[in-house]
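Down below is the structure, laid out as structure tokens.
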Amino acid sequence: SAALDLCWTAAGRFDGFWEFGLKPWDMAAGCVILREAGGAVGDHEGGDGFLFGGDVAAGATMELYDELRIQLRPAK
């Protein structure tokens with residue numbers, strides 16, 4: 001599940017995570033946990049539009065978040 005993958009990112013098991021076509025219930029809890037752990041989550045432009053109608057969600061450690069978003073731009 002996307003929520004579990006985001007939690008694993010928060011725990012340090014993953015450095016980052018992205019997925020297309022998620023619904024809010026697939027990721028909302030994981031987004032909160034990742035942000036509370038000091039990570040970042042957003043869409044390919046860095047906004048919060050991913051939660052309701054966005055194409056892609058990306059979560060990562062703060063050090064990798066911007067690079068992950070840049071890499072995902074061509075895929076949108």
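A salt bridge links D66 with R69; the closest basic N to acidic carboxylate O contact falls under 4.0 Å.
In this structure, L6 CG and D26 CG are separated by 10.5 Å, a value rounded to the nearest 0.5 Å. One finds the CD atom of E19 at 7.0 Å from the CG atom of D5 (value rounded to the nearest 0.5 Å).
For the pair G30 and C7, the tightest heavy-atom approach, listed with the atom from each and the gap, is CA-SG, 4.2 Å. Of all non-hydrogen atoms in T9 and A60, the two that sit nearest each other are CG2-CA, 3.9 Å. Closest approach of M62 and G38 over heavy atoms only: CG-O, 2.9 Å.
No single ILVMFWY cluster, assembled from side-chain heavy atoms under 4.5 Å apart, contains both L34 and L4. V41 and L51 fall within a single hydrophobic cluster, where Ile, Leu, Val, Met, Phe, Trp and Tyr side chains are chained together by heavy-atom contacts under 4.5 Å. Residues F20 and L68 fall within the same hydrophobic cluster, defined by Ile, Leu, Val, Met, Phe, Trp and Tyr side chains chained together at heavy-atom separations under 4.5 Å.
Side-chain N or O atoms of Y65 include none that pairs as donor or acceptor with a backbone N or O of A58 at under 3.5 Å.
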